[in-house]
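Counting begins at 1 with the first residue of the sequence. Just so it is clear, the model here is predicted, and its values are computed rather than measured.
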Amino acid sequence: MRAIYVTSEAWSSGVGRALVLQAKILLQASGFKTCSLWVFPQNDRAIKFYTAAGFVHDGVAAKSFTLGSQTRQEIRFISPLSI
């Protein structure tokens, strides 16, 4: 599993938008037509951010994984790469 988190001190600074845009550019240049990401369903701030960046929840069942001693769930969001 891979994850990128922007420190809260940088929220609302444009750093996250720049990271997402650059990732989309690189993926599109590599021939991909869509991209996806997974987010904790209770993370309303992240969901709002990804929705504003063009991602939508695709309805795929949540996936579960263990982190330490806790079971976590994530839901998938997808976005076309036509930017």
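- Remark: Leu81 CG to Leu27 CG distance equals 6.0 Å, nearest 0.5 Å.
- Of all heavy-atom pairs between Ile47 and Pro41, the closest is CD1-O, 3.5 Å.
- Classified by interplanar angle (parallel below 30°, tilted 30° to 60°, perpendicular above 60°), the ring pair His57/Phe77 is tilted.
- When the side chains of ILVMFWY residues are joined at heavy-atom separations under 4.5 Å, either directly or via intervening members, Ile4 and Val15 end up in a single hydrophobic cluster.
- Summarising the geometry, atom CD belonging to Gln22 is positioned 15.0 Å from atom CZ belonging to Arg17; distances are rounded to the nearest 0.5 Å.
- Screening residues 30-42 for salt bridge (Lys or Arg N to Asp or Glu O under 4.0 Å), with sequence neighbours left out, gives no hits.
- Around atom CZ of Phe40, more than 12 heavy atoms belonging to other residues, nucleotides or ligands sit under 6.0 Å away.
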For this session: For side-chain contact (heavy atoms from CB on, under 4.5 Å), just list the numbers for Val20 and Phe49, CA-CA rounded to whole Å, side-chain angles, deciding distance to a tenth of an Å, and then say yes or no.
Result: CA-CA 10 Å; Val20 168; Phe49 170 81; 3.7 Å; yes
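- Ile78 and Tyr50 sit in two unconnected hydrophobic clusters of ILVMFWY residues. Membership requires side-chain heavy atoms under 4.5 Å apart, directly or through other members.
- Lys24 and Ala53 make their closest contact through NZ-O, 2.7 Å (heavy atoms, listed as atom of the first residue, atom of the second, distance).
- Within the 4.5 Å cutoff, no side-chain heavy atoms of Val56 are placed close to those of Thr51.
- Closest approach of Pro80 to Gly54, counting heavy atoms only: CD-O, 4.2 Å.
- A single hydrophobic cluster is not seen to contain both Tyr5 and Trp38; linkage of ILVMFWY side chains at heavy-atom distances under 4.5 Å, directly or through other members, places them apart.
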